[in-house]
Amino acid sequence: MVRFKNRYVLCEVVSEDPRCRQCIEDRAVGLAIRDAIGRVHGDYGLACCSISFTVKYLNAYTGTVLLRCRKDSYRLLCSALPFIRQLESRNQRYPCALNTLHVGGTIRTCQKFLIQYNRRQLLMLLKNCASEEERRCVQKSLLSCSLTEEQPQSGDEEDDGSTE
């Protein structure tokens with residue numbers, strides 16, 4: 001049995017309109033990419049790329065998109081991404097561009113790259129703070145963004161197990 005190797009392309013949606021990122025869907029991104037590949041590389045490029053092309057992950061808040069394609073056709077995909085100028089979602093067209101951040105062999109390598117990329121972006125954000133007040137606000141918001149497990153209320157558990 002032959003295993004087909006894939007490549008994962010990590011992209012970010014760059015747009016001046018903040019509504020663009022929140023309104024996009026993975027289906028709209030996939031259609032825009034297929035359309036761009038068809039315009040740039042024709043039927044041959046579209047056929048090569050569409051064999052195992054999927055949008056694996058889309059984060060609408062951060063504008064992060066993870067694409068999967070075959071190993072032998074990832075260059076066709078990456079060369080067509082700069083030609084995407086708009087995304088259409090819910091009969092609205094949003095001007096934007098897709099910026100390629102990383103190409104990896106596994107989703108895990110793309111995740112590791114994204115963590116490092118976000119750390120660098122946050123450090124640049126802290127360096128560009130104009131005042132100490134703004135710097136403290138950014139640091140406070142960063143520290144408040146942690147996942148904590150919510151503790152169950154003690155009264156609810158004790159009432160369930162008691163007998164009268």
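Since the structure is predicted, the reported quantities are computational estimates derived from the model, not experimental observations. Computed over heavy atoms, backbone and side chain alike; hydrogens, waters and symmetry mates excluded.
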Working to the nearest 0.5 Å, report the span between [atom1] of [X] and [atom2] of [Y].
{"X": "Asn99", "Y": "Cys11", "atom1": "CG", "atom2": "SG", "result": "8.0 Å"}
{"X": "His41", "Y": "Arg75", "atom1": "NE2", "atom2": "CZ", "result": "12.0 Å"}
{"X": "Ile115", "Y": "Asn118", "atom1": "CD1", "atom2": "CG", "result": "8.0 Å"}
{"X": "Leu81", "Y": "Thr100", "atom1": "CG", "atom2": "OG1", "result": "4.5 Å"}
{"X": "Asp35", "Y": "Leu46", "atom1": "CG", "atom2": "CG", "result": "9.0 Å"}
{"X": "Lys5", "Y": "Ser52", "atom1": "NZ", "atom2": "OG", "result": "14.0 Å"}

Next item on the list: Can you sort out the partners of Arg136 under side-chain contact (heavy atoms from CB on, under 4.5 Å), two or more places apart, ordered by chain and number?
Entry: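 With sequence neighbours excluded, Arg136 shows a side-chain contact (heavy atoms from CB on, under 4.5 Å) to Glu132, Glu133, given in chain and number order.
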Note to self: If hydrophobic residues (ILVMFWY) are linked whenever their side-chain heavy atoms come closer than 4.5 Å, directly or via other members, who joins Val14 in its cluster?
What the structure shows: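 Once heavy-atom contacts under 4.5 Å are chained together, Val14 still belongs with nothing else.
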Check: Apart from Phe113 itself, which Ile, Leu, Val, Met, Phe, Trp or Tyr residues share its cluster (side-chain heavy atoms under 4.5 Å, direct or through members)?
Finding: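 Besides Phe113, the cluster holds Tyr8, Leu10, Tyr57, Leu66, Leu101, Ile107, Leu114, Tyr117.
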Distance-only, no hydrogens or angles: does the [X] side chain make a donor-acceptor pair with backbone N or O of [Y] under 3.5 Å?
{"X": "Arg85", "Y": "Pro82", "value": "yes"}
{"X": "Ser73", "Y": "Leu76", "value": "no"}
{"X": "Ser89", "Y": "Ala28", "value": "no"}
{"X": "Ser15", "Y": "Pro95", "value": "yes"}

Using a 4.5 Å cut-off on heavy atoms from C-beta on, say whether the side chain of [Y] contacts that of [X].
{"X": "Thr62", "Y": "Val13", "answer": "no"}
{"X": "Asn6", "Y": "Lys71", "answer": "no"}
{"X": "Arg34", "Y": "Cys49", "answer": "no"}
{"X": "Gln86", "Y": "Tyr94", "answer": "no"}
{"X": "Leu126", "Y": "Arg135", "answer": "yes"}

Next item on the list: Examine Arg39 relative to Phe83 and say whether NZ or CZ is less than 6.0 Å from the centre of the six-membered ring and inside a 45° cone about the ring axis.
Entry: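 No cation-pi geometry.
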Checklist line | Gln121, CD: over 12 other non-hydrogen atoms inside 6.0 angstrom | finding: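 Check passes, neighbour count above 12.
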Check: More than 12 foreign heavy atoms under 6.0 Å from CZ of Arg108: is that the case here?
Finding: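 Open.
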Next item on the list: Provide the closest heavy-atom pair for Lys56 versus Thr54 in the form atom of the first, atom of the second, distance.
Entry: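 Shortest heavy-atom separation between Lys56 and Thr54 comes out as CD-OG1, 3.4 Å.
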Note to self: Test of understanding: clusters of I, L, V, M, F, W, Y form through side-chain heavy atoms closer than 4.5 Å, transitively. Do Leu31 and Val55 belong to the same one?
What the structure shows: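 Per the 4.5 Å side-chain linkage, Leu31 and Val55 are not co-clustered.
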Next item on the list: Treating Ile, Leu, Val, Met, Phe, Trp and Tyr as nodes and any side-chain heavy-atom pair under 4.5 angstrom as an edge, say whether Leu77 and Val40 lie in one connected cluster.
Entry: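 No; tracing contacts between hydrophobic side chains, which count when under 4.5 Å, never links both residues.
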Checklist line | Residue list, side chain to side chain donor-acceptor pair (under 3.5 Å) with Thr109, at least two apart or on another chain | finding: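 Side chain to side chain donor-acceptor pair (under 3.5 Å) check on Thr109 returns Thr106.
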Item checked: Sequence-distant partners of Arg90, side chain to side chain donor-acceptor pair (under 3.5 Å), two or more places apart ->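 In terms of side chain to side chain donor-acceptor pair (under 3.5 Å), with neighbours along the sequence ignored, Arg90 is linked to Glu25.
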Next item on the list: Please identify each residue that fulfils salt bridge (Lys or Arg N to Asp or Glu O under 4.0 Å) with Asp72, with sequence neighbours left out.
Entry: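 Asp72 satisfies salt bridge (Lys or Arg N to Asp or Glu O under 4.0 Å) with no other residue.
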